[in-house]
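Below is one structure, written out as structure tokens, with a few remarks after it.
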Amino acid sequence: MAITQGLTTTFKVNLLNGAENFTGTSPYVYKIALYDATASLDSTTTAYTSSNEITGTGYTAGGQVITPIAPASDTSANVAYVSFNNVTWSPAVFTCRGALIYNSTTGAAVCVLNFGSDKSTTSTFTITFPADDVSNAVIRIS
């Protein structure tokens with residue numbers, strides 16, 4: 001099993017069908033769930049799953065709500081992008097290897113994150129999202 005980072009095919013189809021919306025007036029709620037190293041998550045992941053989701057102090061199944069930063073674009077680079085505000089679990093006592101961002105309103109998977117190694121905490125766990133710009137945003141479409 002492995003966690004392979006990237007946008008999911010389900011998300012791409014949902015974009016084309018108008019079933020995703022990251023604006024401040026979005027009817028959708030997005031969440032981030034954390035997984036252990038035995039999870040199998042990749043671009044074919046279609047929906048949130050509790051399989052191999054972590055457990056531990058301060059973590060609730062399904063993860064936490066995350067707030068999108070307003071989508072933007074860079075016309076010179078021909079890229080549209082969106083990122084999220086950082087999210088923190090505190091108190092937190094757990095170990096995780098990756099995450100799934102998903103539309104909790106529909107259950108549809110958006111993207112998979114691989115942390116590169118197990119991350120453990122005994123106090124506070126924060127996911128610091130990259131800068132919301134054309135080169136670094138979590139979701140970039142070109």
About how many Å separate CG of Asn85 and OG1 of Thr67, when rounded to the nearest 0.5 Å? 5.5 Å
Minimum heavy-atom separation for Phe115 and Ala99, please, with both atom names. CZ-CB, 3.8 Å
Just by distance, do the side chain of Ser142 and the backbone of Asn78 share a donor-acceptor pair under 3.5 Å? no
So, Tyr35 side chain and Thr49 main chain: donor-acceptor pair closer than 3.5 Å or not? yes
Is there a side-chain contact between Leu15 and Ile141 (heavy atoms, below 4.5 Å)? yes
Could you report the tightest heavy-atom contact between Asp132 and Ala70, atom names first, then the distance? OD2-O, 4.1 Å
Distance (rounded to the nearest 0.5 Å) between Ile54 CD1 and Arg97 CZ: 14.0 Å
Flag the pair Cys96 / Tyr59 as yes when at least one side-chain heavy-atom distance between them is below 4.5 Å, and no otherwise. no
Does Tyr28 share a hydrophobic cluster with Tyr81, counting links as ILVMFWY side-chain heavy atoms below 4.5 Å and allowing steps through other members? no
The reported gap from OG1 in Thr55 to CG in Asp36 (rounded to nearest 0.5 angstrom) is 8.5 Å
Tell me if a side-chain donor or acceptor on Tyr30 pairs with a main-chain N or O of Val110 at a distance below 3.5 Å. no
Do Glu53 and Ser51 have side-chain heavy atoms sitting under 4.5 Å apart? no
Show the nearest heavy-atom pair for residues Ser40 and Thr45, with the distance to one decimal. O-OG1, 4.3 Å
Find out whether Asn21 and Pro27 are in side-chain contact, i.e. whether some heavy atom of one side chain is under 4.5 Å from a heavy atom of the other. yes
To the nearest 0.5 Å, tell me how far Lys31 NZ sits from Ile66 CD1. 11.0 Å
Leu100 reachable from Leu7 in the ILVMFWY side-chain graph, under 4.5 Å edges: no
If you measure only the distance, is there a donor-acceptor pair under 3.5 Å linking the side chains of Ser135 and Asp133? no
Parallel, tilted or perpendicular: which fits the ring planes of Tyr102 and Tyr48, with parallel below 30° and perpendicular above 60°? parallel
Just so I know, are the side chains of Leu113 and Ile32 near enough to count as touching, which here means a heavy-atom distance under 4.5 Å? yes
Quick one: does Asn136's side chain have a donor or acceptor within less than 3.5 Å of a partner on Ala131's backbone? no
Taking Thr128's backbone N and O only, do any of them form a donor-acceptor pair with Thr126's side chain (distance below 3.5 Å, no angle check)? no
Treating Ser43 as the side-chain partner and Thr9 as the backbone partner, does any N or O pair qualify as donor plus acceptor under 3.5 Å? no
Donor-acceptor side-chain pairing of Thr95 and Asp118 below 3.5 angstrom: no
Would Val87 and Leu34 show up in the same hydrophobic cluster when neighbours are defined by side-chain heavy atoms closer than 4.5 Å? yes
Within the 4.5 Å heavy-atom criterion, are Thr4 and Val112 side-chain neighbours or not? no
Correct closest heavy-atom pair for Ile3 and Asn114 would be O-ND2, 2.5 Å
Establish whether Phe22 and Val79 are linked, either directly or via other cluster members, by ILVMFWY side-chain heavy-atom contacts under 4.5 Å. no
Any sub-3.5 Å donor-acceptor pair from Asn103's side-chain atoms to Ala108's backbone N or O? no
Note, Trp89 side chain near Thr121 side chain (heavy atom, < 4.5 Å): no
Taking all non-hydrogen atoms of both residues, which atom of Phe129 and which atom of Phe84 are closest, and how far apart? CB-O, 3.4 Å
Using only heavy-atom distances, determine whether the side chains of Thr10 and Lys12 contain a donor-acceptor pair under 3.5 Å. no
Does any N or O in the side chain of Ser73 come within less than 3.5 Å of the main-chain N or O of Thr75, such that one atom is a donor and the other an acceptor? no
So CD1 of Ile127 and NZ of Lys119: to nearest 0.5 Å the spacing works out to 11.5 Å
Nearest non-hydrogen partners of Val138 and Cys111, listed with the distance: CG1-SG, 4.0 Å
Side-chain donor/acceptor of Thr8 to backbone N/O of Phe11, under 3.5 Å: yes
